There are 2 protein chains.
Amino acid sequence: MVTLRDVARSAGVSPKTVSRVVNDDPAVTPETRELVRKEIERLNYVPNLAARMMRTATSEVVGLMTDVVATTPYSVEIVRGVQSALRKEGRTLLIANTEGDRQIEAGYWRTFRSHKVGAAIVATMFHREYDVSPEGFDKPLVMVNCFAADNRFDTVLPDDEEGGYTQAKHLLQLGHRRIGVVSLHEAIRATGLRHRGMLRAFAEAGANFDESLLERGAVGPFPDETFVAYEAAKRLLSRPDRPTAIICGNDMLAVQIYAAASEHGLTVPDDLSVIGFDDLPIFSAILRPRLTTVALPYFRMGEMAVDLIAGMKSFAGRPAKQHLVECPLVVRESCRPLA
Amino acid sequence: MVTLRDVARSAGVSPKTVSRVVNDDPAVTPETRELVRKEIERLNYVPNLAARMMRTATSEVVGLMTDVVATTPYSVEIVRGVQSALRKEGRTLLIANTEGDRQIEAGYWRTFRSHKVGAAIVATMFHREYDVSPEGFDKPLVMVNCFAADNRFDTVLPDDEEGGYTQAKHLLQLGHRRIGVVSLHEAIRATGLRHRGMLRAFAEAGANFDESLLERGAVGPFPDETFVAYEAAKRLLSRPDRPTAIICGNDMLAVQIYAAASEHGLTVPDDLSVIGFDDLPIFSAILRPRLTTVALPYFRMGEMAVDLIAGMKSFAGRPAKQHLVECPLVVRESCRPLA
DNA sequence: TTGTATGCGTTATCAC
DNA sequence: GTGATAACGCATACAA
């Protein structure tokens, strides 16, 4: 193994000078720098991270603490975003999956500390409040898809309010006025936010939202409850004044709206427009006509978390901030203009 | 920061003794051990991995090199399995996603080396041959869901041959004889293996597989091709001698079989039995009747990879081996006995 | 069973 | 601008 010393000896300078070159310390003459660079190249010297870590008490590793986000189809995109951004900075990712267990989480904070990770990201599967207590962890910390009650950390969240607005606005612009809603469970934070956004879109359009067309809480955090959306949709579609469009709490619900519509002899989008939420690729693959939906920007949120961490070095001590990421409309073929 | 020394001083023993306790060296009296343990707890001491690493030139970190496995709904379960097993051993996971890019992969191997990861796992999204060249990486290496042409590494693979056997056998045992198949793309290794297994089941049952009921290559690695399965199913179902059951290459195809059946006025499972492959939770949530399928044991495969790594310490130098993991039958409601 | 001395490769401090 | 020296926290070898 080639060490700093070897390079120094070979280049005829002191170890410290080599260290300066390696760390881009400006206080080295260009000639010396070039000389050392050559020698590093020639000897194929690779810095020993362990030794460096020991001195600096920090590493270029970022710890990602998640409940199940790293292992769940819905939210792995956060991990991808984090990784993609990290790679560009030459940093690496240590992943911790707590499975929602506080004890496991505590253990992982210890692991993070002993690995001297330089920063941590806390991400959850659902958009929600989360009470982090990173015992003894004093490096930059960013939360993704969740937030601390006291807002003491920088936070990246999907703009669900605006997402709800986007869903409704799209349908309203197409001329729909009787719009049904099959929402997620009320315990999910996104539900209320999106509802507010939707009402705002109605108000802007000078339209009135018929509360009786709202089917509440069709799906909770547990997949088993899912099928109630099918019943909800059937209730909506068997009304004499059935809606011309349905807003779904997520893409999975949309699948059931399709099924219910087909059951009623209705065609999407000719007789019924459907708009989803999430934009999961699997549903684009399955559904025909392809589902118009609003995307949950998980990848972007992951990237943004890394950007924030990078920025924290330069702006240490500034107050924590919530960053809302736009949920873009993805237009496909499941919504059509009302004649 | 609390160090070994602090604990030692506080406990009234030498640093080395504390080191022994931390590393579970048996040569410590139970009383001393307990005393030290208490003090570690009290001071919230966390070992400095950097220092340890510098001495031992290896870490308890395992590197996971994947193409897209860590970020893809279908195969994240491998990562979960790896993590779950790793946590039990108190080891941690460094994740590298190459996105299939060789250059990125090479970079990550360098990262693994400089982090002195103690072992590596290479996993791919699809069951396939994969040409790893872990430049300069000389620690234990296990492959999951993929294998080297020369079989020079320990490998964990799903037993696709047996999976195909299981699918067919289930239907045959229920009395079905006219069985249709909508298979995956032929370029996928699993396709051929499962076909072989299926034929074996037919042979064992003394039945004959009608080659004309095989719809080949309905789906490849790209989700966009998916919808051809719908057409394939329709072809099968419009035959005068239509099959009483259909074997699917995966659960996603089954969704389309359901749709095609409904189109033809056929009910699952009364008029048509359907069996899937993969056992993705999302499809259990969506489909009614719930899909009988054969599970891809990704979680188990991840666990097994870790077990193998652990075993490699004790059996260094033994020849590499392929380990096949059983694909278990998951019976739900989409197949019924033929009257 | 327990303790002491030494050095891993790097960076920080402070001198020149 | 450069270099000598010390220290980071731990495990190894060896001694007691």
Side-chain angles (χ1 to χ4, degrees), chain A residues 1-40 43-61 110-118 136 138-139 313, chain B residues 1-40 43-61 90 92 110 113-116 118 313:
Chain A
M1 151 157 280
V2 183
T3 76
L4 208 62
R5 275 195 141 68
D6 300 327
V7 179
R9 188 168 28 222
S10 167
V13 298
S14 83
K16 180 61 202 174
T17 300
V18 179
S19 172
R20 284 195 176 94
V21 172
V22 170
N23 294 291
D24 283 326
D25 185 326
V28 182
T29 57
E31 302 84 57
T32 318
R33 182 184 305 280
E34 206 37 53
L35 168 70
V36 173
R37 281 252 168 80
K38 280 231 170 61
E39 216 50 31
I40 286 177
L43 297 177
N44 195 18
Y45 163 73
V46 179
N48 182 327
L49 291 183
R52 177 177 293 173
M53 217 162 108
M54 195 156 94
R55 279 305 293 174
T56 60
T58 186
S59 75
E60 287 304 293
V61 176
R110 245 173 283 129
T111 303
F112 281 8
R113 279 202 289 151
S114 64
H115 278 273
K116 308 234 175 296
V117 310
D138 53 358
K139 305 285 176 56
K313 286 171 181 163
Chain B
M1 151 154 284
V2 182
T3 77
L4 209 60
R5 277 195 140 69
D6 300 328
V7 178
R9 189 169 24 220
S10 165
V13 299
S14 83
K16 179 60 207 174
T17 301
V18 179
S19 171
R20 284 195 176 92
V21 172
V22 170
N23 294 292
D24 283 326
D25 185 327
V28 182
T29 57
E31 302 85 58
T32 317
R33 180 183 307 279
E34 205 38 51
L35 169 70
V36 173
R37 281 252 168 79
K38 279 232 169 61
E39 217 51 30
I40 287 177
L43 297 176
N44 196 13
Y45 163 72
V46 180
N48 183 327
L49 258 33
R52 179 180 291 173
M53 223 163 101
M54 199 155 86
R55 293 294 296 159
T56 61
T58 186
S59 74
E60 287 302 295
V61 176
T92 36
R110 247 174 282 128
R113 278 201 293 151
S114 61
H115 279 271
K116 304 206 186 310
K313 287 171 182 163

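Keep in mind that this is a model prediction, so the values were computed, not measured.
- Backbone-only engagement by Pro47(B) is indicated by non-hydrogen atom pairs under 4.0 Å involving sugar-phosphate atoms exclusively.
- Between Thr56(A) and dT11(C) there is no side-chain N or O to OP1 or OP2 distance below 4.0 Å.
- For the pair Lys116(A) NZ and dC10(D) C1', the computed distance is 12 Å after rounding to whole Å.
- Distances shorter than 4.0 Å separate some side-chain N or O of Thr29(B) from OP1 or OP2 on dT2(C).
- Rounded to whole angstrom, the span from the CG atom of Leu43(A) across to the P atom of dG9(C) amounts to 15 Å.
- Across all strands shown, Val22(A) has no heavy atoms under 4.0 Å from either base or sugar-phosphate atoms.
- Taking atom CG of Asn48(A) as the reference point, atom C1' of dG9(D) lies 14 Å away to the nearest angstrom.
- Shortest non-hydrogen contact noted between Leu35(B) and Ala11(B) is CD2-O, 3.6 Å.
- Residue-to-nucleotide proximity on DNA chain C shows that, of Val28(B) and Met54(B), the 5′-proximal contact is made by Val28(B).
- With hydrogens and angles left out, the side chain of Arg20(B) and the base of dT1(C) share no donor-acceptor pair within 3.5 Å.
- Computed from coordinates, the Asp25(A) CG to dT13(C) P distance equals 13 Å when rounded to whole Å.
- Within the 4.0 Å cut-off from OP1 or OP2 of dA11(D), at least one side-chain nitrogen or oxygen of Ser19(B) is found.
- For Lys16(B), counting side-chain heavy atoms from C-beta on, the closest listed nucleotide (dT10(C), dA13(D), dT2(C)) is dA13(D).
- Here Thr32(A) reaches the OP1 or OP2 of dT2(D): one of its side-chain N or O atoms lies under 4.0 Å away.
- Looking at the side chain of Ala27(B), the nearest of the listed nucleotides dT2(C), dG3(D), dT11(C) is dT2(C).
- Within 4.0 Å (heavy atoms only), Leu4(B) reaches sugar-phosphate atoms of the nucleic acid but no base atom.
- Taking 4.5 Å as the limit, every side-chain heavy atom of His115(B) sits out of range of all side-chain heavy atoms of Val61(B).
- Counting only distance, with no hydrogens or angles, the side chain of Ser114(A) and the backbone of Leu49(B) share no donor-acceptor pair below 3.5 Å.
- In this model, the phosphate group of dA11(D) is approached by a side-chain N or O of Arg52(B) to a distance below 4.0 Å at OP1 or OP2.
- Mapped onto DNA chain D by nearest heavy atom, Pro26(A) and Arg55(A) fall at different nucleotides, with Pro26(A) at the one closer to the 5' end.
- Counting to the nearest Å, the P atom of dT2(C) and the CD atom of Glu34(B) are 13 Å from each other.
- Remark: Thr3(A) is not in phosphate contact with dG9(C), judged by side-chain N or O atoms under 4.0 Å from OP1 or OP2.
- Atom CE of Met54(B) is separated from atom CE of Met53(A) by 11.0 Å, given to the nearest 0.5 angstrom.
- A 4.5 Å side-chain heavy-atom check between Ser19(B) and Asn23(B) finds at least one atom pair inside the cut-off.
- Rounded to a whole Å, the CZ atom of Arg9(B) is 13 Å from the C1' atom of dG9(D).
- When the side-chain nitrogen and oxygen atoms of Asn23(A) are compared with OP1 and OP2 of dT11(C), one or more of them lie within a distance under 4.0 Å.
- Contact between Leu4(A) and Val18(A) at its shortest, heavy atoms only, is CD1-CG1, 3.4 Å.
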